[in-house]
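The structure appears right after this line, and notes come after that.
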Number of protein chains: 2
Amino acid sequence: MARPTLASLARELAVSRQTISNVLNAPHKVKPATRERIQAAIEAAGYRPSAAARQLRTQRSMNFGMRLLPATDGINGAVLDRFLHALTEAAQAAGYRLTLFCADSDSDEIRQYEELLDVAGLDGFILTSSTPDDVRTRWLQERGTPFAVFGRPWDAAGGLTAASHSWVDIDGAAGTEQAVRMLLAQGHSRIGFLGSYTGNPVGADRRRGWLRAMDAAGYGRDVPALSVEAEETVPGGASGAALLASRGATAIVCSSDSLALGAAEKLRELRPGTARPAVVGFDNTPVAAALGLSSVAQPVEEAARHMIRVLTHELAGDGTGAASNPPAAPPERQLLLAPHVVERVPLPLAATGSSPA
Amino acid sequence: MARPTLASLARELAVSRQTISNVLNAPHKVKPATRERIQAAIEAAGYRPSAAARQLRTQRSMNFGMRLLPATDGINGAVLDRFLHALTEAAQAAGYRLTLFCADSDSDEIRQYEELLDVAGLDGFILTSSTPDDVRTRWLQERGTPFAVFGRPWDAAGGLTAASHSWVDIDGAAGTEQAVRMLLAQGHSRIGFLGSYTGNPVGADRRRGWLRAMDAAGYGRDVPALSVEAEETVPGGASGAALLASRGATAIVCSSDSLALGAAEKLRELRPGTARPAVVGFDNTPVAAALGLSSVAQPVEEAARHMIRVLTHELAGDGTGAASNPPAAPPERQLLLAPHVVERVPLPLAATGSSPA
DNA sequence: CGCACAAATTTGATCGATCAAATCTGTGCG
DNA sequence: CGCACAGATTTGATCGATCAAATTTGTGCG
């Protein structure tokens, strides 16, 4: 039998289309007895309303869009995977779907927004980064399209702009701060910070946490010599670590796992005796896990869920003139989530140091 | 001004809706002069047909679906990223969009198919794996829904089933074969193979390539002792490499980058003198790149593009009774792509071996 | 000139849902 | 008994496109 439609089902049940529609969209308008009878019939027939027809009438696609950046930019790799998965799952749970798209540049991204809004009628967008004075966020705001950004809108000076749009971000400083505290608890006092050259504010933010924790612990005077920048690569991490070690650092907090990987190697090499190289990375990538490297883990899943919450809330607010029954506390429009350190014991790989063949 | 529709634009131009529709969907039916006039007006007004309205009438959503596996399963990490990106890009270029969804299990995945087909009217699906006797592929085939699978349908014995559905896969054996040849060219003769325990056919396939190349080179007799299996982790790779080295192996082809990472570490350790640990990984993950490890790179982008080609071709065939003008050679329904080895010189990290602090 | 016939264009119906307004039921109460 | 009025249900229009069939325009030619 062909897929049932509202009309076909209505005929069978000898009720009107609208009544069935009401059972689905405004159950309180239907007499309980009728409602149950219809609900049962819906289940039995496996009736599912067509999104296209619904969208045509309501102008809602129940669909969010997200640009997939070309690999190696922005949040990527395993982090992006986790983020995407959580996003999709949360959207699905809220009755929305997620559509991906590609763009060559930010201006092309705007062109895509326009197209996707007109053609597919997307209800909102997820952005995975934003720059100060971002043309995309401005465009979306002017047009009144709902969107949420993963990442704070930093200004040119590395400060936070007072953007009025929704965003969620991970508090990098809180992460490195916690990493320092962990190392302090392990007995270290000369704890270095190893960042990368890129003048981006995310790195500066992570450095800030280290600084704060060192100050709080009373090691503020050591700070100048213990902060180093290197190339954002594994060898970069190694050379940075060598420099820090030469200045007496016994432990290192890094702004990425690549740096941490190189740093851990180097420390092992410099101090063959030490069991655990006191190095903490950032992002908690699979590499860190594979090598038994401690790392700051970002709660990207929570961030994704929150972004969906923000978007759906905004859309629900518009939709029904009278907001849902309980005024439902609106989700924070701007939220900073705290990461946490995943402490790991290095793998025996190094411990087996000079095992015979 | 509100978004133009076919009707509004028709009124302005004093032509009928259908004529404009024909300009877009069957230009040959419209007199050149009219066509150009209308085309210009479409551009000027920025008219874009609504996908929802179109879908309602044509029963085509121009949308493909793909299940996003929970992280750490199937193809993942950076490889998945590249695949997804290429998929999205290719779909977009062909006028299709990509919708993601999550599922808890294979049977739940079927439930999602059903829902997405009924509700969103998806035109086809991308699967990222298939098992012999896969319930999902069977369901899709019975229902006649177009789909393409990334990965060959292996049977229980590790052989290839004669499945009738479309798939694309990477020829793992060809990859390891090439890796062996590279090592042979570098002067190695005792080349080991390091795989993981998992009895999955992908690993067996990779081993097969090594075997083939060793045989071809006349080293078939060494084979039994030079094939080792270990746990699919970095330390697993290290212990496997130790074993292989003890049996005289001077180079190792691994079935993954994790194993290769551990193996490279171990070889370096065992032979401090050697400049380049002769180890080749598989998947060419960012880790391999970061550490300067040679690895077999899979052409996932090409695979993704081909899958979209297969799907769009199938849908185009159905759509217009008479296939597109030139009969357009149908894309291979089952395609095996050859990977290639990315040769890298290890990073100075190790070369700096015993540099002073 | 006029007819046949193809090319070009238009008309009305339809896809499957929701909206807004109309109609039908049923209950309370003077 | 009958009227008002809220509750329940139905009706007709509509969202924006395409399809199938009808109509108009144009061309060739006896």
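Everything quoted here is computed from the prediction, not taken from an experiment. Just so it is clear: chains get the letters A, B, ... in the order the sequence lines come, proteins before strands, and each one is counted from 1.
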May I ask you to decide if the ring planes of B:Phe147 and B:His165 are parallel, tilted or perpendicular, using 30° and 60° as cut-offs?
tilted
Would you classify B:Arg35 as touching base, sugar-phosphate or nothing, given that sugar-phosphate means primed atoms plus P, OP1 and OP2, and contacts are heavy atoms under 4.0 Å?
nothing
Salt bridge (Lys or Arg N to Asp or Glu O under 4.0 Å), that's the test. Do B:Asp106 and B:Arg67 meet it? Break it down for me.
CA-CA 10 Å; B:Asp106 282 10; B:Arg67 171 178 176 193; 3.5 Å; yes
Audit row: B:Val168, B:Arg152, side chain to side chain contact (heavy atoms under 4.5 Å, CB included) steps and yes/no
CA-CA 7 Å; B:Val168 179; B:Arg152 279 161 281 183; over 6 Å; no
Please compare A:Arg48 and B:Val30 by the position of their nearest nucleotide in DNA chain C and report the one closer to 5'.
B:Val30
5' precedence on DNA chain C between B:Ser16 and A:Arg17 (nearest-nucleotide basis)
B:Ser16
Atom CG in A:Asp134, atom OG1 in A:Thr131: separation rounded to 0.5 Å?
3.5 Å
Which is more 5' along DNA chain D, the nucleotide nearest A:Gln18 or the one nearest B:Leu56? Just name the residue.
A:Gln18
Using 30° and 60° as the class limits, which term best fits the ring planes of A:Tyr113 and A:Phe125: parallel, tilted or perpendicular?
tilted
A:Arg11 CZ - D:dT9 P separation (whole Å):
20 Å
Rounded to whole Å, the NE2-P distance (A:His28 to D:dA8) equals 10 Å
First and last nt of DNA chain C near chain A, cut-off under 4.0 Å to heavy atoms, 5' to 3', are C:dG16 to C:dA20
Judged by modelled atom types alone, do A:Thr99 and B:Arg97 share a side-chain donor-acceptor pair under 3.5 Å?
no
Need one value for B:Gln55: base, sugar-phosphate or nothing, where a base atom within 4.0 Å counts as base even if backbone is also close, heavy atoms only.
nothing
With a non-hydrogen cut-off below 4.0 angstrom, is A:Thr19 in contact with a base, only sugar-phosphate, or nothing?
base
